[in-house]
Every structure is written in structure tokens, then in C-alpha cells.
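Have a look at the structure below, then the notes.
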Amino acid sequence: MDKPVDKPTHLVEFETMLLSRHTHLYAPRSRGGAQLDRSAYVLLSRIRIHGPLSIGQLSEAFGLDASTLNRQTAAMLRAGLVERIPDPDGGIARKFRITEEGERRLDADRTSNIEGLERVMEHWPSEDVAEFAAFLERFNRDIERLEGRPWPRP
């Protein structure tokens with residue numbers, strides 16, 4: 001039998017487990033074309049914020065090996081979401097830049113996600129939404145600090 005949830009960190013663990021289960025419920029993406037898979041959504045978001053990135057830079061940013069990123073970026077290339085360009089700073093490695101199609105699909109998915117979150121929190125006072133966002137940012141920044149991989153924010 002499961003141990004009772006008697007500490008706040010136990011409650012956080014339980015609720016984050018449930019949150020991972022519910023993500024498809026608040027973000028139904030049924031309009032216009034296929035939705036991005038999770039890895040493409042996250043990679044495109046990072047490239048949008050940072051600008052063109054090489055496999056090495058993506059590997060460092062995500063803590064993933066190059067072979068994993070090669071598979072993910074190859075799928076994104078085939079889908080027309082990114083393109084390879086020479087390093088704008090003159091480096092040897094080619095970089096990935098988001099395409100117009102990648103921008104369009106990322107915007108569509110982000111809009112759908114936001115609309116889903118707005119449905120979930122439609123009865124929340126705006127102050128509660130802002131406070132929840134602040135706690136999530138703090139939580140994410142502490143994870144990033146422990147991993148040594150800060151995520152650039154707009």
C-alpha cells in the first residue's frame with residue numbers, strides 16, 4: 001500500500017505526476033494540421049528564443065547526446081520546421097533556424113495550449129493565475145540552477 005502523502009514535497013510529487021497525465025486534456029489540438037510532438041515543440045521554442053543553434057549548442061542546452069538531437073532535428077528538417085544554415089557568427093558548424101512553417105506550427109500549438117489553459121483556469125482570479133505562474137517559474141529556475149542549464153526567457 002502507498003505511503004500516506006504527509007509532507008508537502010510528497011504532495012508536489014503526486015500533483016506533478018497527475019499534471020503530466022493531464023497535459024493532453026488542456027491542450028486539444030484539433031485544428032489545421034498535425035500537432036508538433038513534444039520534442040519539436042520544446043526545440044523550436046528554444047531556437048525561437050535564442051536564435052539559430054548547432055547540434056553542439058542544443059546538446060549543451062538540453063543535456064542530450066548528439067545522436068538523440070540528430071534524430072529529432074532530422075525529423076524537424078523533413079517536416080520543414082527548421083533549415084540548416086551556415087553559422088551567422090562565422091563558425092564551422094551549421095546551425096538550425098526555424099522556418100516560416102515552423103513558426104506557424106509553433107504559434108498554432110502555443111495558441112492551442114494557451115486556450116486550453118484558459119479553459120482550465122477560467123474561474124481563477126487573475127491574481128491566482130499570476131501567482132501560479134510565478135511559482136512555476138521559480139520551480140523551473142531552481143531545476144535549471146541544479147542542472148546548470150538556465151532556459152532563456154523572453
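Every heavy atom of this structure was used, including side-chain atoms; hydrogens, water molecules and symmetry mates were not.
- With sequence neighbours left out, the side chain to side chain contact (heavy atoms under 4.5 Å, CB included) criterion links L77 to V82, R84, F96.
- Shown here are the side chain to side chain donor-acceptor pair (under 3.5 Å) partners of T9, two or more places apart in sequence or in another chain: there are none.
- Partners of E101 under the salt bridge (Lys or Arg N to Asp or Glu O under 4.0 Å) rule, at least two apart in sequence or in another chain, are R104.
- Residues satisfying the salt bridge (Lys or Arg N to Asp or Glu O under 4.0 Å) test with R97, not counting sequence neighbours, are E83.
- Scored by the side chain to side chain contact (heavy atoms under 4.5 Å, CB included) test, S39 finds D37, Q72 as partners (sequence neighbours excluded).
- Note on residues 42-74: pairs passing ring pair (Phe, Tyr, Trp, His ring centres under 6.0 Å), not counting sequence neighbours, are F62-W151.
- Contact annotation: the side chain of K95 approaches that of D89 to within less than 4.5 Å [non-hydrogen atoms, C-beta and beyond].
- Listed by first and then second residue, the ring pair (Phe, Tyr, Trp, His ring centres under 6.0 Å) pairs that reach into residues 111-144 are W124-F132, sequence neighbours excluded.
- For E13, the side chain to side chain contact (heavy atoms under 4.5 Å, CB included) partners are M17, not counting sequence neighbours.
- In this structure, CG in L64 is found 9.0 Å from CG in L58, a value given to the nearest 0.5 Å.
- Partners of P8 by side chain to side chain contact (heavy atoms under 4.5 Å, CB included), not counting sequence neighbours: none found.
- Under the 4.5 Å side-chain heavy-atom criterion for ILVMFWY residues, a single connected hydrophobic cluster contains both V129 and L136.
- Partners of T73 by side chain to side chain donor-acceptor pair (under 3.5 Å), not counting sequence neighbours: none found.
- I114 and L106 are assigned to two separate hydrophobic clusters, defined by single-linkage of ILVMFWY side chains at heavy-atom distances under 4.5 Å.
- Applying the side-chain contact (heavy atoms from CB on, under 4.5 Å) test between L44 and each of L81, D109, T99, D107 identifies L81 as the sole match.
- Under the 4.5 Å side-chain heavy-atom criterion for Ile, Leu, Val, Met, Phe, Trp and Tyr, I47 and I85 are members of distinct hydrophobic clusters.
- Transitive grouping of hydrophobic side chains (ILVMFWY, heavy atoms separated by less than 4.5 Å) keeps V12 and F14 in distinct clusters.
- Annotation: side chain of L53 is not in contact with side chain of L43 (no heavy-atom distance under 4.5 Å).
- Under the salt bridge (Lys or Arg N to Asp or Glu O under 4.0 Å) criterion, D142 pairs with R145, sequence neighbours left out.
- When all heavy atoms are compared, the tightest approach of Q35 to R105 is O-NH2, 3.7 Å.
- The salt bridge (Lys or Arg N to Asp or Glu O under 4.0 Å) test applied to E103 returns R48, not counting sequence neighbours.
- Taking both residues in full, the closest heavy atoms of I55 and A66 are given as CG2-CB, 3.8 Å, listed atom of the first, atom of the second, then distance.
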